[in-house]
Trainee: 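First the structure, then my questions, so here it is.
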Amino acid sequence: MPYFDVASSAPLHPVARQALQASLDEGWADPARLYREGRRARLLLDAAREAAAEAVGCRPDELVFTPSGTRAIHLGISGVLAGRRRVGRHLVVSAVEHSAVLHAAGTHEAADGATVTEVPVNRAGAVSAAAYTAALRDDTALACLQSANHEVGTEQPVAEVAEACAAAGVPLLVDAAQSLGWGPVAGDWSLLAASAHKWGGPAGVGLLAVRKGVRFAAQGPADERESGRSAGFENIPAIVAAAASLRAVRAEAADEAVRLRALVDRIRARVPELVPDIEVVGDPVRRLPHLVTFSCLYVDGETVLHELDRAGFSVSSGSSCTSSTLTPSHVLRAMGVLSEGNVRVSLPLGTTEEDVDGFLSVLPGVVSAVRERLGAPVPSAGTGQTASLVVDALGKRCPIPVIELAKVIGDVPIGGTVTVLSDDGAARLDIPAWCEMRGQEYVGEEGAAGGVAYMVRRVV
């Protein structure tokens, strides 16, 4: 049963398993103690730190281990904002950062006098280095930018942004969770955070690198461990396994990147050929080698995921249909792309051509069956007799508002309009995306009783 969701969490690498089992017998003692068991534990911890620092591209004394990647991000952001509070209280992030960054930014913004600037992205999910540079101010305390996006795989211009930040005297924190297993992060960054379970290490281990010279004031009660930056007793067996697996996946990265990129290129090319009304999202070139995301009109993401799971394929989704909040992914929303029927495929090391071909053979039938079940429209010329129509989709969730729109667009003449009433937040993203995919004109939106009225003009 192929597992295609390593962007969420990678299977434990064999090297990590071996290192974890071996270090359980040697790394259980307190590394701060001077007796032999403590010294053995300290040796293991120091060796793991050196290996991780080499992979990151920093000094061992600049790197600390944390209980998770999220914790590493929160510690990094809070520590720099506190250390540079005399400079100012302005924080810059991109609109597609991981929720760990955006939640920390929200907490910061809620404080008196604190401000946050979100830098927008293009339809491929990338920030412009020029736009990011323009967001920096004299009172900017910290800037944050991911190395590659976790939902669509688009790589960010970290080196260019780091150069601009350095020129402005602003430290840059890079969330490298998705990319660190593939190679070091380019550029003169100031802080870097990552999570071991993303590259095949055990869950519960993150890392935070803080370059010398960065003003940093750790928040919370003081603790003597991990240079005072990450409180609590170190999980040495897990840390050793994390460092060992990072070194192992790096050794495989060059060859696997070429092989997996070819497989992903095959998915990117074949999916739109096999399934109509599909939008493949993310940068086709500047991207992670193993990840591809696409959205399907007229289906809900949750049903597609369940059907693919029944067929033996584990994938994930950023659709609002799979979320208890019923709001579309903030990444897809920032990109302005279709969110309904969203599928993210992220291939693990060792994925075969047979695995990918099996997925491609199953997908068309799954999408077709879901569309039929939801009453998706069948293409027709339409009558074109009514100048304008109103579709009441209030109380209906994705993808029903778009399905109802597609069913009646042919009933108005060229130049006629269809107004869709909807209270589903995903409609604000999916109706304009549908218009772009189908060559129709999205006129705009206005408030309506119980929801929002979205107006579409028929062009073709």
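In this text, all values refer to a predicted model and were calculated from it rather than measured experimentally. Hydrogens, waters and symmetry mates play no part in the numbers below; they use all other heavy atoms, side chains included.
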Trainee: Does Asp30 pair with Arg225 as a salt bridge, N-O distance under 4.0 Å?
Mentor: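 Answer for the salt bridge query: yes.
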Trainee: Tell me whether the count of non-hydrogen atoms from other residues, nucleotides or ligands lying under 6.0 Å of CD in Glu37 goes above 12.
Mentor: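 Count over threshold, so yes.
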Trainee: When you compare the side chain of Thr107 with that of His74, does any pair of heavy atoms fall below 4.5 Å?
Mentor: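 They are not in contact (no side-chain heavy atoms under 4.5 Å apart), so the answer is no.
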Trainee: For Ser368, enumerate each residue passing the side-chain contact (heavy atoms from CB on, under 4.5 Å) test, keeping only those at least two apart in sequence or located in another chain.
Mentor: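 Ser368 satisfies side-chain contact (heavy atoms from CB on, under 4.5 Å) with no other residue.
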Trainee: If you measure from CZ on Arg261 to CG on Leu288, what distance do you get to the nearest 0.5 Å?
Mentor: 8.0 Å
Trainee: If only atom types and distance count, is the side chain of Asp424 paired as donor or acceptor with the main-chain N or O of Cys398 below 3.5 Å?
Mentor: yes
Trainee: Without swapping roles, check the side chain of Ser295 against the backbone of Leu338 for a donor-acceptor pair under 3.5 Å.
Mentor: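 Answer holds: yes.
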Trainee: Under a 3.5 Å distance rule, please check whether His90 uses its side chain to pair with a backbone N or O of Asp138 as donor and acceptor.
Mentor: no
Trainee: Side chain of Ser317, backbone of Asn342: donor and acceptor closer than 3.5 Å?
Mentor: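 Indeed, once roles are kept as given, a pair shorter than 3.5 Å links the two residues.
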Trainee: Between Trp182 and His290, what is the ring plane arrangement, given parallel below 30°, perpendicular above 60°, and tilted in between?
Mentor: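 The rings of Trp182 and His290 sit tilted, inter-plane angle from 30° to 60°.
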Trainee: Identify whether the distance between the nearest side-chain nitrogen and carboxylate oxygen of Arg286 and Asp283 falls below 4.0 Å.
Mentor: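 No, Arg286 and Asp283 are not salt-bridged.
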Trainee: Do you know the tightest heavy-atom contact between Ala29 and Ala41?
Mentor: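 Nearest heavy atoms, Ala29 then Ala41: O-CB, 3.4 Å.
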Trainee: Do Ser195 and His98 come close enough that some side-chain heavy atom pair is under 4.5 Å?
Mentor: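 Side-chain contact under 4.5 Å: no.
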Trainee: Got a donor-acceptor contact below 3.5 angstrom from the His108 side chain to the Arg89 backbone?
Mentor: yes
Trainee: Under 3.5 Å, is there a donor-acceptor pair between the side chain of Thr154 and the main chain of Asn149?
Mentor: no
Trainee: Answer yes or no: does atom CD of Glu252 have more than 12 heavy-atom neighbours from other residues, nucleotides or ligands under 6.0 Å?
Mentor: yes
Trainee: Looking only at heavy atoms, which two atoms of Val93 and Val101 are closest? And how far apart?
Mentor: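 Where Val93 meets Val101 most closely, the heavy atoms are CG1-CG1, 3.8 Å.
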Trainee: Hey, are Arg211 and Asp188 close enough for a salt bridge, meaning a charged N less than 4.0 Å from a carboxylate O?
Mentor: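 Looking at Arg211 and Asp188, the cut-off is not met.
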Trainee: Could you tell me whether Glu226 and Arg49 make a salt bridge, using a distance below 4.0 angstrom between a side-chain N and a carboxylate O?
Mentor: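 Arg49 and Glu226: salt-bridged.
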Trainee: Short question: side chain of Glu160, backbone of Gly187 - any donor-acceptor pair under 3.5 Å?
Mentor: no
Trainee: Check the pair Arg137, Thr115 against side chain to side chain contact (heavy atoms under 4.5 Å, CB included), reporting the backbone distance first and the verdict last.
Mentor: CA-CA 11 Å; Arg137 308 187 320 211; Thr115 56; 3.1 Å; yes
Trainee: CG/Leu308 to CZ/Phe359 distance, rounded to the nearest 0.5 angstrom?
Mentor: 5.5 Å
Trainee: What verdict does the side chain to side chain contact (heavy atoms under 4.5 Å, CB included) test give for Arg266 and Leu360, after you've listed the backbone C-alpha separation in whole Å, the side-chain angles of each residue and the deciding distance to 0.1 Å?
Mentor: CA-CA 9 Å; Arg266 177 169 172 75; Leu360 292 173; 4.0 Å; yes
Trainee: Can you name the residues that form a side chain to side chain donor-acceptor pair (under 3.5 Å) with Arg84, not counting sequence neighbours?
Mentor: none
Trainee: Where do Val185 and Ser179 come nearest, in terms of heavy atoms and distance?
Mentor: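 Result for this residue pair: CG2-OG, 4.1 Å.
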Trainee: Show the nearest heavy-atom pair for residues Leu180 and Arg250, with the distance to one decimal.
Mentor: O-NE, 2.8 Å
Trainee: Do Val280 and Ile278 come within less than 4.5 Å of each other through their side chains, counting heavy atoms only?
Mentor: yes
Trainee: Just checking Arg17: does its CZ atom have more than 12 heavy atoms from other residues, nucleotides or ligands closer to it than 6.0 angstrom?
Mentor: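 No, the 6.0 Å shell around CZ holds no more than 12 heavy atoms from other groups.
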Trainee: Looking at Ala241 and Ala19, what are the two nearest heavy atoms and their distance?
Mentor: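 Distance-wise, the nearest heavy atoms are CA-CB, 3.9 Å.
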Trainee: Please round to the nearest 0.5 Å and tell me the distance separating atom CD1 of Ile236 and atom CZ of Arg40.
Mentor: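 Going from CD1 on Ile236 over to CZ on Arg40, the span is 11.5 Å.
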Trainee: Just wondering, are more than 12 heavy atoms of other shown residues or ligands nearer than 6.0 Å to CZ in Arg229?
Mentor: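 Yes, enclosed.
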Trainee: I want to check something: taking the side chain as every heavy atom from C-beta on, are Ser230 and Leu208 in contact at a cut-off of under 4.5 Å?
Mentor: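 They are not in contact (no side-chain heavy atoms under 4.5 Å apart), so the answer is no.
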Trainee: Look at Asp46 together with Arg39 and state whether they make a salt bridge at an N to O cut-off of under 4.0 Å.
Mentor: no
Trainee: So for atom CD, which belongs to Gln219, do other residues, nucleotides or ligands contribute more than 12 heavy atoms lying within a distance under 6.0 Å?
Mentor: yes
Trainee: Begin with the C-alpha distance, continue with both residues' side-chain angles, and end with the deciding distance and a verdict on side chain to side chain contact (heavy atoms under 4.5 Å, CB included) for Val345 and Phe294.
Mentor: CA-CA 9 Å; Val345 175; Phe294 54 88; 4.3 Å; yes
Trainee: Provide the closest heavy-atom pair for Pro184 versus Ala55 in the form atom of the first, atom of the second, distance.
Mentor: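 Nearest pair, atom of Pro184 first, then Ala55: CB-O, 3.9 Å.
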Trainee: Here's a test for you: under side-chain hydrogen bond (donor to acceptor under 3.5 Å, both in side chains), which of Arg344, His150, His197, Lys198 qualifies with Ser8?
Mentor: Arg344
Trainee: State the CG-OG1 distance between Leu207 and Thr66, to the nearest 0.5 angstrom.
Mentor: 7.0 Å
Trainee: May I ask you to decide if Asp355's main-chain N or O and Thr352's side chain share a donor-acceptor pair within less than 3.5 Å?
Mentor: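 Yes, because the side chain of Thr352 sits within donor-acceptor range (under 3.5 Å) of the backbone of Asp355.
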Trainee: Can you confirm whether Trp199 sits close enough to Ser245 that some side-chain heavy atom of one is under 4.5 Å from a side-chain heavy atom of the other?
Mentor: yes
Trainee: Calculate, to the nearest 0.5 Å, the distance between atoms CD and CD belonging to Glu279 and Glu340 respectively.
Mentor: 10.5 Å
Trainee: With distance as the sole test, does Glu256 use its side chain to make a donor-acceptor pair with the main-chain N or O of Gly350 at under 3.5 Å?
Mentor: yes
Trainee: Other residues, nucleotides and ligands only: do more than 12 of their heavy atoms fall within 6.0 Å of CZ on Arg123?
Mentor: yes
Trainee: For the atom pair CG (Asp430) and OG (Ser339), what is the distance rounded to the nearest 0.5 Å?
Mentor: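 That separation rounds to 3.5 Å.
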Trainee: Is the shortest heavy-atom distance from the side chain of Val127 to the side chain of Val121 under 4.5 Å?
Mentor: yes
Trainee: Taking the side chain as every heavy atom from C-beta outward, state whether Leu347 and Val356 have any atom pair closer than 4.5 Å.
Mentor: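 Yes, at least one pair of side-chain atoms sits under 4.5 Å.
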Trainee: Answer yes or no: is there an ion pair linking Asp300 with Arg397, defined by an N-O contact shorter than 4.0 Å?
Mentor: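 Salt bridge: no.
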Trainee: Return yes if some donor-acceptor pair links the side-chain N/O of Arg259 with the main-chain N/O of Leu349 below 3.5 Å, else return no.
Mentor: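 Not at all, since once roles are kept as given, no pair shorter than 3.5 Å links the two residues.
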Trainee: Quick one: are Val96 and Gln146 in side-chain contact, heavy atoms under 4.5 Å?
Mentor: yes
